[in-house]
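Before any comments, here is the structure.
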Amino acid sequence: MKGVLIDKRRIRTEREVVGTGPVLYWMNREMRVDDNWSLLYACALAQQHDTTLEVVYNLIPGYLGGGARQTSFKLDSLEEVEQELSRLGIPFHLVVDTVDNTQFVSFLKKGKYGAMVTDLHPLRPTTELHAAILSFWENGFFIVDSHNITPVWETSPKKEYAAYSIRPKIWKKTPEFLTEFPHVPSFGKLSAKTDWKKLRKDLVTEDATAFLPGGTKEAHRVLKRFLSDRLEHYANGRNDITETLQSGLSPYLHYGVISSHRVVLETLAFSGKKIEDCLHKQKNGARVHTGPVSVLDNVRAFFEELIVRKELSDNFCYYEPNYDTLSAAPDWARASLEKCKKDKREYVYTKKEFEEARTHDKLWNACQKQMTQTGCMHGYMRMYWAKKILEWTDDPAEAVAIAVYLNDKYELDGRDPNGYAGILWSIAGLHDRAWFPRPVFGLVRYMSHESLRKKYDIETYIARYT
DNA sequence: ATCGGCTCGCGCAA
DNA sequence: TGCGCGAAGCCGAT
């Protein structure tokens, strides 16, 4: 069998030399078998060195403040991964660990692997673990960006200032990197060995049936429904908080059970468009179109979210180690927020009051409950939600910390670059411009209850989450 | 309904 | 060095 070919630019080589022994793919950010450059590269290495391939996932319940709902989603997804891998004759190991990675490190030290391939994952738990592993790992160590269409280091060599500065770079490279994926070669046949029922019983300690199920098959179902039912309303309708017109793919993209690359290919096939034609800014940005909305308008609006803003978030976390604190905000915003620290707050709430949705604002309480009850807050409400945490706390650094804590604990798609970038956009002007100054916010863009009330039927929204 | 002003700084043209 | 314009707004004037 001829080896699988992978564009070398998708790979960051930490250690070059491949020793003897099987190749190990440490699946970390991408819980899928198809459309996964990391797995494909691991296959290619194994074939090239005439050896076998194994896959490991290190499951940490409570990772970055998540809980049963996130663990349940991961177990759904990993069970499917093991089935798929078994069909291809690739052994799958599940390590259950604590945040200090003791079990995983011991697994790596015991194994006699010739090389390791893993996913790009720009958050600190992974970058720190990579450094720790490299202190004892002597064989090949390869990091593959399987999360972005254009690898994060190929898009730009630095932390970008805003969407407008990264957008032309992403547009330029996307058509070139948007290739079709090769099939994963078969290494034989195996039977799955993990006792998922027992894991579920041990690790999912609260009822998780209210939340979305995980897995690649489910992700493709969600994508199909979005394309057939909702894409035509996307450009104008996606921000309506009483409708469900956004793609709903965020959790699936976050866990890597589906790749944004595949979503783009499917969207192009569905709409009959070429990628080059879709990479143009809509004239009126995010504002509602007044005239007729074309298929192209909808696809462009969707790709702006799915490609530009998603890959901008990865750029931010990749080049900014303090991605989850106020220190990562632009200077003008930090200086301005600092000046406003003494401004009188009309309301001040504690973390607990926010968490229990006990503010004076029924709209805020409703979106907080949407998040705790469903694991998915409406995308437009997330901005309002975070900006009000800034407005109703004494210290913007504390506001960031509270927003991060809640988002990571309750959102299925929490603990993701998109979440950190979104929170800092809302609270600290990240990727945004300065706006008319006002108390507490300074130059950071403000959002008001009144405006939301004028735009959308907030009573309907509030009535859903009590 | 629509428009301009508010404010800062990056990126690019000159 | 100057200038255009930007992650989804707000407010008041017309």
Side-chain angles (χ1 to χ4, degrees), chain A residues 155-172 233-241 243 245-247 250 280-291 293 297-298 300-317 319-320 323 328-340 363 367 377-388 390-391 403 416-456 458:
Chain A
T155 298
S156 169
K158 60 167 189 175
K159 177 171 136 180
E160 290 291 335
Y161 188 75
Y164 73 82
S165 70
I166 204 172
R167 188 177 291 117
K169 299 176 185 179
I170 290 176
W171 283 354
K172 193 173 151 220
H233 307 293
Y234 193 81
N236 269 355
R238 70 182 181 282
N239 285 342
D240 190 328
I241 61 173
E243 304 281 350
L245 294 174
Q246 303 194 329
S247 75
S250 180
H280 296 282
K281 183 86 181 133
Q282 299 173 82
K283 283 191 198 74
N284 55 357
R287 233 173 296 154
V288 169
H289 291 65
T290 43
V293 179
D297 289 330
N298 287 311
R300 283 174 180 171
F302 181 44
F303 285 2
E304 172 70 11
E305 312 288 334
L306 180 68
I307 308 176
V308 175
R309 296 183 195 177
K310 175 173 166 295
E311 301 198 1
L312 174 60
S313 299
D314 250 46
N315 167 277
F316 171 61
C317 290
Y319 291 112
E320 173 53 73
Y323 52 76
D331 292 339
W332 62 265
R334 266 187 307 141
S336 171
L337 288 170
E338 184 63 39
K339 252 198 241 165
C340 295
L363 181 58
C367 67
M377 194 192 304
H378 191 282
Y380 193 76
M381 287 306 297
R382 290 184 184 201
M383 299 184 284
Y384 179 79
W385 173 83
K387 283 179 183 293
K388 294 299 152 183
L390 168 65
E391 191 172 339
D416 189 277
N418 288 315
Y420 302 118
I423 286 168
L424 283 181
W425 179 85
S426 303
I427 296 180
L430 177 75
H431 301 153
D432 203 6
R433 55 189 282 200
W435 293 86
F436 185 76
R438 52 187 303 141
V440 183
F441 284 78
L443 298 168
V444 173
R445 183 195 298 249
Y446 179 70
M447 280 178 80
S448 76
H449 183 106
E450 268 311 290
S451 282
L452 257 159
R453 197 174 61 74
K454 277 183 213 148
K455 261 186 245 182
Y456 303 116
I458 66 171

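Letters go in sequence order (proteins before strands), and every chain restarts at 1. Here the structure is a predicted model, which means the values were calculated and not measured.
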When the distance from CE of M381(A) to P of dG9(C) is rounded to whole Å, what number comes out?
13 Å

Separation of the P atoms in dG4(B) and dG4(C), to the nearest angstrom:
15 Å

Short side-chain N/O contact from R438(A) to OP1 or OP2 of dT7(B), under 4.0 Å
no

Verify the contact: side-chain N or O of Y380(A) to OP1 or OP2 of dG9(C), cut-off strictly under 4.0 Å; return yes or no.
yes

Rounded to whole Å, please give me the gap between CZ in R433(A) and P in dG9(C).
11 Å

Atom CD of E160(A) and atom P of dA7(C) are separated, to the nearest Å, by 11 Å

Classify the side chain of E305(A) versus the base of dA8(C) as yes if they form a donor-acceptor pair under 3.5 Å and no if they do not.
yes

Solution key, residues 427-441 of chain A side-chain donor-acceptor pairs under 3.5 Å, sequence neighbours excluded:
residue, atom, partner, partner atom, Å
D432(A), OD1, R445(A), NH2, 2.7
D432(A), OD2, R445(A), NE, 2.8
D432(A), OD2, R445(A), NH2, 3.4
W435(A), NE1, R433(A), O, 3.2

If you go through the side-chain atoms of R382(A), does one of them form a donor-acceptor pair with the base of dA8(C) closer than 3.5 Å?
no

Just the rounded figure in Å: distance from P of dC10(C) to CZ of F441(A).
10 Å

Taking the same atom, P, in dG9(B) and in dC10(C), what whole-Å distance lies between them?
23 Å

E160(A) vs L312(A), test: side-chain contact (heavy atoms from CB on, under 4.5 Å). Steps then yes/no.
CA-CA 8 Å; E160(A) 290 291 335; L312(A) 174 60; 4.1 Å; yes

Looking at dC10(C), I'd like to know if its phosphate oxygens (OP1 or OP2) sit under 4.0 Å from a side-chain N or O belonging to S451(A).
yes

Quickly work out the K387(A) NZ to dA8(C) P distance and round it to whole Å.
10 Å

Tell me: CH2 of W435(A) to C1' of dG4(B), nearest whole Å?
12 Å

In whole angstroms, the gap separating C1' of dG9(C) from OH of Y384(A) amounts to 14 Å

Once you round it to whole Å, what is the distance between P of dC10(B) and CG of L312(A)?
15 Å

Spacing of the P atoms in dG9(C) and dC10(B) (rounded, Å)
24 Å

Rounded distance in Å between the P positions of dA1(B) and dA7(C)
28 Å

Taking any strand in view, what nucleotide pairs with dC6(B) in a Watson-Crick or G-U wobble way, both distances under 3.5 Å?
dG9(C)

